[in-house]
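Notes follow the structure.
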2 protein chains.
Amino acid sequence: MPSQKQIARELGVSVATVSNALTGKGRVSRDVVDLVTARAAQLGYTPSAAGRALKTGRSGILGLVMPDITHPVFPDFAQGLEIEADARGYGILIANGRGTEAGQDNAIKQLIKRGVDGIIMIPRRGTRPQVPPVPMATISIASDPRFAVAANHRQGGRLAAQAILQLGHRSVLLLGDDSQSPVQIDRIEGMAEALEGQAEFQVQWTGDCFPDLADLHATGVTAVLTVSDLLALRVVTEASQSGLRCPDDLSVIGFDNLPLSTAVRPTLSTIVPDTAELAKRAIAYLDAAIRDDQDPPAPSVVDMTLRLRDSTGPAPQTATQHRRTSP
Amino acid sequence: MPSQKQIARELGVSVATVSNALTGKGRVSRDVVDLVTARAAQLGYTPSAAGRALKTGRSGILGLVMPDITHPVFPDFAQGLEIEADARGYGILIANGRGTEAGQDNAIKQLIKRGVDGIIMIPRRGTRPQVPPVPMATISIASDPRFAVAANHRQGGRLAAQAILQLGHRSVLLLGDDSQSPVQIDRIEGMAEALEGQAEFQVQWTGDCFPDLADLHATGVTAVLTVSDLLALRVVTEASQSGLRCPDDLSVIGFDNLPLSTAVRPTLSTIVPDTAELAKRAIAYLDAAIRDDQDPPAPSVVDMTLRLRDSTGPAPQTATQHRRTSP
DNA sequence: TTGTGATGATTAAACGATTAATCAAGGATT
DNA sequence: AATCCTTGATTAATCGTTTAATCATCACAA
């Protein structure tokens, strides 16, 4: 591996001059700069990450802690983070919380050992990760004493509900699968908020058992708002098995815009989180904190957007009538 | 941050002694070892990654290059790799090939700049990644001049076909969505190989257009073997829209055991790659190569396994009769 | 008593880059 | 002509760890 020392020796100058020439600091004549850069390029010189990190105290690496890499939402996040980090000259080291709080804290410890400059944390729900000795950005739901950026799950819920209202639906099922998840609770609350006074609705959690869609449809339900695309997929296919057509008999909306949402027929309408923007803000904060800026960006919330596809349609006339006559 | 120097100063010994005591090398008395380790623990000492990397020439970090983090197959890989790497004391730095060959080579360059000890590469199909100055393990389809470990896609295809034969199906559609993908080609070839002489079959690629399942079913096709769960999902739901029941009228098998395969109704039968084993072998090879072992593990192929779920069933009697009478 | 060896610790150099401090030399100012 | 400033380069120290080489002590054998 070529080093500054080697370049210096070959050119008969000092290492300091080489360093100055390459970094643009200090005072070096135009000629020498050209000579050095030329030789560096010719030798394929790459500054040693270790050497630089040792001297500057910064590794240029950020750690990413996720509760479960396997969850289909995370690839999108990871991608956005990698792009943003790269744009600012950082690399991303992944760590696995392994689903437990202990694993999560251990992951932080591992990252610190490896000398990361900052940590991006997607905390396991209900945990308070230990405070690391480096800046940390939390991507989560609840506002945090430390910096946090979050998707506006409640607003996303409202968006889904408003779409369904606009299509004329007046009896809606709100469906979650984990009544303990703050994210899901926020999404459902947003839906309920927008539906309040505009339509009948009921909330169900599949934790115990999956609702009987045929029954519900018989009582007038024409739309199901779910907290995730996986759940929406379940609804669409379960409905199909019960002889219900989607969106003719039942409109469905999911969350997160997973790849599957365009692979299933009908394609799934979904509420899509702006992962790119979330990543951008998290990295921007970390970068500012690491560089010790006076005013790093403040914690913030990012709105979600609606993508209508084939799983939603106007409320069926018959069902609407049924609802009107049933009470 | 506490350093060996600080411990040495506080204890009135030399840094070398501290280093020796902590690493177990050199000659240090039992007493001093205890003293040093105690003080280190008390101070919360963590060896500086940069310092160590600079001296030893090894960063303890592996780079992972993937063509597209967003693809649903990769999280599983990444997870397996992270676990295996961690077990051997390595961290994993992610890089994004951004789908292009140039991006892929650039990713390698970035990783080298960051001082990784080795690279795990999942190459974009049809590309030959540049040879980096560190060991590289390729997880792919084709055998490679360098080390490579691959899932046995052909055997996976046979597995799917054999399962369908055993269920009595005698007319099968093999469905891919990218006729250029070596992985898909291998899978389809494996299916064809096992079906040859045992059943009628035809191959179709959805690149151009999606096949009319009702038509096919009318001509006697009772099973569809696809190259991915996403495609299987498409088939199952498309069939349902055409009024075909799965598995009653049509059996379907996918590939990769994606999370969606248990969320859809019917749940998807699938061929599952042993990502844990693939990861294990890739990391084992890299570790050996980095430590300059005499005989690093040889390139190898890992068999896939079959997981039968609800999307497959016995061939319908009527359809079988239909096929027998139709020619 | 004088070597000989083992033991436990220290010294010093090295990894590669950065940076403050220093120095030499020439040009401009008074 | 003496002084001052600017320019372009070098010296030397430093980051934290590892490791070969050295050294001092003490025990033991000849």
Whole-Å distance separating the [atom1] atom of [X] from the [atom2] atom of [N]:
X        : N       : atom1 : atom2 : value
Lys5(A)  : dT11(D) : NZ    : P     : 14 Å
Arg58(A) : dC15(D) : CZ    : P     : 17 Å
Leu35(A) : dA9(D)  : CG    : P     : 10 Å
Arg27(B) : dT18(D) : CZ    : P     : 19 Å
Leu54(A) : dT17(D) : CG    : P     : 9 Å
Leu11(B) : dG8(C)  : CG    : C1'   : 15 Å
Asp31(B) : dA9(C)  : CG    : P     : 8 Å
Gln4(B)  : dT11(C) : CD    : P     : 16 Å

So, OP1 or OP2 of [N]: does either fall under 4.0 Å of a side-chain N or O from [X]?
X        : N       : value
Ser14(B) : dT10(C) : yes
Lys25(B) : dT19(D) : yes
Ser19(A) : dT19(C) : no

Reported [atom1]-to-[atom2] distance for the pair [X] and [Y], which is rounded to 0.5 angstrom:
X         : Y        : atom1 : atom2 : result
Arg291(B) : Arg58(B) : CZ    : CZ    : 8.0 Å
Ser48(B)  : Leu54(B) : OG    : CG    : 9.0 Å
Ile290(A) : Arg88(A) : CD1   : CZ    : 10.5 Å

With DNA chain D as reference, determine whether Val28(A) or Val15(A) sits nearer its 5' end, using the nearest nucleotide of each.
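Checking each residue's closest nucleotide, the 5'-ward one belongs to Val28(A).
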Start at the 5' end of DNA chain D and walk down; is the nucleotide closest to Asn20(B) or to Met1(B) reached first?
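Result of the comparison: Met1(B).
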Could you tell me whether Glu10(B) and Arg39(B) make a salt bridge, using a distance below 4.0 angstrom between a side-chain N and a carboxylate O?
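Between Arg39(B) and Glu10(B) there is a salt bridge, with a charged N closer than 4.0 Å to a carboxylate O.
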[X] near the nucleic acid: base, sugar-phosphate alone, or nothing, with a heavy-atom cut-off under 4.0 Å?
X        : value
Ser48(A) : sugar-phosphate
Ala50(A) : nothing
Thr17(A) : base
Val13(B) : sugar-phosphate
Ser3(A)  : sugar-phosphate

More 5' along DNA chain C: Ala16(B) or Arg30(B), using each one's nearest nucleotide?
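Its nearest nucleotide lies further toward 5', so the answer is Arg30(B).
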Would you say the side chain of Lys55(B) and the base of dT18(D) hold a donor-acceptor pair, judged only by whether the two atoms sit under 3.5 Å apart?
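It does, because a donor-acceptor pair links the side chain of Lys55(B) to the base of dT18(D) below 3.5 Å.
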Main-chain N/O of Asp178(A) paired with Ser181(A) side-chain donor or acceptor, under 3.5 Å
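A pair under 3.5 Å: no.
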